[in-house]
Amino acid sequence: MSDSPARILVVDDEADTCANLRDILEDLGFSVDTACSGEAALELVQAHPYDVALLD
Amino acid sequence: MRSAGCFIVTREDTAAPMNNEQAFARYTELQQYIGWNSADADRVHGIAPIVRPHFGRLVDDFYEVIACFANARRVITGGPQQIDRLKSTLVRWLEELVSSTYDEAYVARRWQVGWRHVEIGLDQVYTNAALSRLRDGLVAVLAATGHPDADAIRSLNKLLDLDLAIIEDAYQTESRIRQQRVDRLAAIGQVAGGVAHELRNPLNVVRTSIYFLTTAKKLSPEKLAEHLARIERQVMLSDNVITALTDFARLPVPELKPIVLWDCLRETLDFNPLPPDVTFKLDLPPDLPPLLGDERQLRIVFGNLIRNARDAMAAGGTLTIGAYCAPPTTMVITFVDTGTGIKPEDLDRIMEPLYSTKARGLGLGLAITRSIIEKHGGRLRASSTVGVGTAFTVELPTGDPAGDPLARA
């Protein structure tokens, strides 16, 4: 396991759901990006590496 | 895209079993159609003594055949006792067939017999086949006499056809009633499903917010405030779902008062802000008279129309709200968007309860909107071109500025 925190991508069409998951996961020490649509998610995935993606 | 039958409160129930008068009126009409007259009745009465001694045998045969066919047999659940009862009933039925005056009471009793067959769940084809067997048995008896009366046989056949028509009627009526019940249950099921779906989302957000607040290692005052506001908003959204449902099921009578259109629209826009990529245009003449309406309900109407326009313009666009007077007493308000448009086949149905082209939502918005407008004495119309946009036209009564508006209500 690397030293830097794992990168997680959270995808949900509800902005509030994304925000809550981000808060919970960041509090646990993860690095979190969120996307509210499939297109936005793909853009992020192409730009950054992620360890885990949580999809709705 | 979801669709559903009509919701409970708007469906007309037209299929209660016919009353006796109606049933007899139809029967008389059919008699004329078939060419039945009193001479036919006399002939049937005339052969009664010939066939009567055979009733017992014919009825036994009738039930022996039923016993051979599982689909017919399965509706008889009461064993030999029930069969004995049924046999007596059938003998009486035959007796009445050949000796009645074929009046309103006769038709009513025949209708009841038909209805009973439907109630016990006997497939109609078996009723028809069974009647055919009886007919065959009766005709065989008549044909076997020394001088078979061809005219009497014809009259008997006409009579049996008329009886068959009554039984058919009973089946069709029941079928219609049952279908309406199924449609209603489907609608209830769909509403329940929609409500469950719509409430689960806000409740889930509340739950995850509370989880965060109770387990967070670091919780700043700003984060706390953010989550509390979020929880409050989700509760409001849940409440809206419930309100939409109750609004639709039991729309209160509008309290009509003079309303300045722009004030009402502005308040509605405050509650339903448009995203930055939607341009808003207003086209109201300066001397617009007041509307006659219930302010709370009109805000629901305008809110629904504004939100629908906004949702149709996910990639941005223009919403234009305009109004003008159509004398003497009507105001026309138009909501025009440059959104995705509505397909012609959907346009007919979008105001139906539970019909929606959106993935989320109950599909009650336009049904409620139309209901409110119509209760105000107005009209709602929609026109659209796919890829260009949609226009909703609301007609509402105006308060007369010269006179006392409240005198109208």
Side-chain angles (χ1 to χ4, degrees), chain A, chain B residues 194-241 272-277 307 310-316 340 356-362:
Chain A
M1 188 138 51
S2 66
D3 287 327
S4 56
R7 288 193 77 126
I8 305 184
L9 173 65
V10 172
V11 186
D12 195 292
D13 57 357
E14 280 276 353
D16 285 336
T17 301
C18 279
N20 281 3
L21 285 176
R22 181 212 283 278
D23 286 346
I24 291 171
L25 292 169
E26 280 180 348
D27 188 75
L28 287 171
F30 296 106
S31 164
V32 182
D33 287 334
T34 63
C36 284
S37 71
E39 293 85 10
L42 286 173
E43 270 177 43
L44 284 173
V45 164
Q46 270 150 15
H48 312 289
Y50 290 99
D51 297 293
V52 179
L54 297 175
L55 311 169
D56 72 344
Chain B
V195 169
H197 186 258
E198 291 300 304
L199 285 181
R200 278 244 162 80
N201 281 300
L203 286 177
N204 206 46
V205 174
V206 169
R207 205 145 146 247
T208 50
S209 270
I210 291 174
Y211 176 83
F212 174 69
L213 292 176
T214 51
T215 62
K217 300 195 215 72
K218 275 177 11 181
L219 181 60
S220 69
E222 294 82 21
K223 261 298 161 189
L224 173 61
E226 184 190 314
H227 279 269
L228 290 178
R230 180 167 300 145
I231 290 173
E232 189 174 4
R233 193 179 108 86
Q234 298 299 321
V235 170
M236 184 197 75
L237 290 177
S238 305
D239 192 58
N240 289 349
V241 170
N272 298 280
L274 295 168
D277 58 358
R307 280 194 303 276
R310 177 198 66 196
D311 291 344
M313 298 187 284
T340 51
S356 177
T357 57
K358 300 179 189 172
R360 299 282 306 281
L362 284 172

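Per chain, numbering begins at 1; letters A, B, ... match sequence-line order. Model, not experiment: these values are computed from the prediction.
- If you take CG on B:L237 and CG on A:D16, they are separated by 8.0 Å, rounding to the nearest 0.5 Å.
- With no hydrogens or angles considered, no side-chain donor-acceptor pair links B:N201 and A:E14 at under 3.5 Å.
- Both the backbone and the side chain of A:L28 come within less than 4.5 Å of a heavy atom of chain B.
- Closest of all the heavy-atom pairs between A:D27 and B:K218 is OD1-N, 3.0 Å.
- Under a cut-off of 6.0 angstrom, the local environment of CD in B:E226 is crowded, with over 12 non-hydrogen atoms contributed by other residues, nucleotides or ligands.
- A heavy-atom distance below 4.5 Å is found between the side chains of B:V205 and A:N20.
- Here the straight-line distance linking atom CD of B:Q234 with atom OG1 of A:T17 works out to 7.0 Å at 0.5 Å rounding.
- Considering every non-hydrogen atom in both A:D23 and B:F212, the closest pair reads O-CE1, 3.3 Å.
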